[in-house]
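I have a structure I would like to understand better, so I am pasting it below and will then ask my questions one at a time.
Here is the naming used below: chain letters follow the sequence lines, and residue numbers restart at 1 for every chain. As the structure is a computational prediction, the values presented were derived from the model and not from experiment.
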There are 2 protein chains.
Amino acid sequence: MDTALKALAEPRRREILKLVWATELPASLIAASFDDVTRSAISQHLGVLRDAALVVERRDGVHRMYRANRAEMKRVRRFLEEYWDDSLERLRDVAESAHREKGIPNE
Amino acid sequence: MDTALKALAEPRRREILKLVWATELPASLIAASFDDVTRSAISQHLGVLRDAALVVERRDGVHRMYRANRAEMKRVRRFLEEYWDDSLERLRDVAESAHREKGIPNE
DNA sequence: CACTTACGTAAGTGTCAACTAACTTATTTC
DNA sequence: GAAATAAGTTAGTTGACACTTACGTAAGTG
C-alpha cells in the first residue's frame, strides 16, 4: 500500500495513470505524450507503477500494452477514505492515553 | 497540492497526522510516541507538514501545539476524489468498457 | 541570573529516486 | 539472417530526503 501511495505522489506517474485509465496503450505511445523526458524514464515509471500493481501489462507482439489496474486503485481509494474517516475516533484514545502517561502541563 | 501528496506519502508523517487529527498535541508528546527516531527528525517532519499546510501550529508558552488542518485535508481529499472520478467519467465514455471488464484480472 | 525545558535549525551522512545515455533483448519485415 | 522497431535494462549522475548529532533560542523556574 505504501508502494502505491509513493507511486501516486509523483506527478508524472499520475499523468501516466490517467492516460491508461480508460484505454489500453503501448509504452511507445505513453512515452510519446511526454516531450520533456526520455522514453527510458517513462519505461522506468511504468516499472514503478507495475511494481505497485497500479498498472497491468499485456504483451501483444512487439508491443507492451498498459492499462490501469482499477481494482488496485479502488483499494488505494478505500484505504485513504478509511484514513480520513476512521482516524478521528480510532485515535482519540491513543492521544489521550499518551496525554495521561506523559503528564502534559495544563489543559 | 503536490506538496501535500508528497507529505502524505511518508508513513511517519501519516502517523503524526493521525495523532493530531482529533487532539492538539505539543511537539514533545508527538516525538515521544516514536521510539525509533529522534525528536529532531519529528520536528523536521512537523516542518514538512506545516509547509504543506496539513498541520497548524499554535504557540502556548514553551509548547508548540499542533493539530491537523482538516480544511486542507479536505482539499486533498477532494482533489483525489476528482482524480478518481474524472478518470472514471472518461471510462464511461469509452464504449467498449463493458466488455473489457471481463478481461480484468482479480477482484 | 543560572538552569531547565521545549523546541527549531545547521551541518553532515547514507540512501533512494528520477533522469540520461548507452546497451540488450524480443519481434516483425524484407 | 540482417535491419528496423518496441521496449526493458544497466551504469552513472544529480538531487532530494530521512535521519543523526550538535548547537541556538525562547519561555518558565529556582
What is the nucleic acid contact for A27(A), judged by heavy atoms within less than 4.0 Å: base, sugar-phosphate only, or nothing?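 Sugar-phosphate only.
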Look at all strands and tell whether V37(B) reaches a base, only sugar-phosphate, or nothing, counting heavy atoms closer than 4.0 Å.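 V37(B): backbone/sugar contact only, no base atoms under 4.0 Å.
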Base, sugar-phosphate, or nothing: which does F34(B) touch, judged by heavy atoms less than 4.0 Å apart?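 The residue F34(B) makes no contact with any strand.
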Quickly work out the I42(B) CD1 to dT9(C) P distance and round it to whole Å. 15 Å
Quick one: is K6(B) getting a side-chain N or O under 4.0 Å of the dC17(D) phosphate, OP1 or OP2? yes
Over all strands shown, is R50(B) touching base, sugar-phosphate only, or nothing at heavy-atom distances under 4.0 angstrom? sugar-phosphate
Which whole-number value in Å describes the distance from L49(B) CG to dA18(D) P?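 Taking CG of L49(B) and P of dA18(D), I get 10 Å after rounding.
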Is the phosphate of dA18(C) approached by R13(A) (side-chain N or O, under 4.0 Å from OP1 or OP2)?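 Checking dA18(C) against R13(A), a side-chain N or O does come within under 4.0 Å of OP1 or OP2.
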Assigned partner base of dG30(D), Watson-Crick or wobble definition, under 3.5 Å: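 dC1(C) is the nucleotide pairing with dG30(D).
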Do H45(B) and R13(B) have a side chain donor and acceptor closer than 3.5 Å?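 Yes, R13(B) and H45(B) have a side-chain donor paired with an acceptor closer than 3.5 Å.
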Which part of the nucleic acid, if any, lies within reach of T38(B) when heavy atoms closer than 4.0 Å are counted: base, sugar-phosphate only, or nothing? base
Between S43(A) and dG8(D), is there a side-chain N or O to OP1/OP2 distance below 4.0 Å?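 So the side-chain polar atoms of S43(A) do come within 4.0 Å of the phosphate oxygens OP1 or OP2 of dG8(D), strictly under.
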Looking at R77(B) and E81(B), is any side-chain nitrogen of the basic one under 4.0 Å from a carboxylate oxygen of the acidic one?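 Result for this pair is yes, salt bridge flagged.
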Would you say dT20(D) has OP1 or OP2 under 4.0 Å from some side-chain N or O of R39(B)?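 Answer no for this pair, as no side-chain N or O of R39(B) is under 4.0 Å from OP1 or OP2.
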Grouping I, L, V, M, F, W and Y whenever their side-chain heavy atoms are under 4.5 Å apart, do L19(A) and M73(A) come out in a common cluster?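 Same cluster.
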Donor-acceptor pair under 3.5 Å: do we get one between Q44(B)'s side chain and the base of dC19(D)?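 Answer is yes: a donor-acceptor pair is held.
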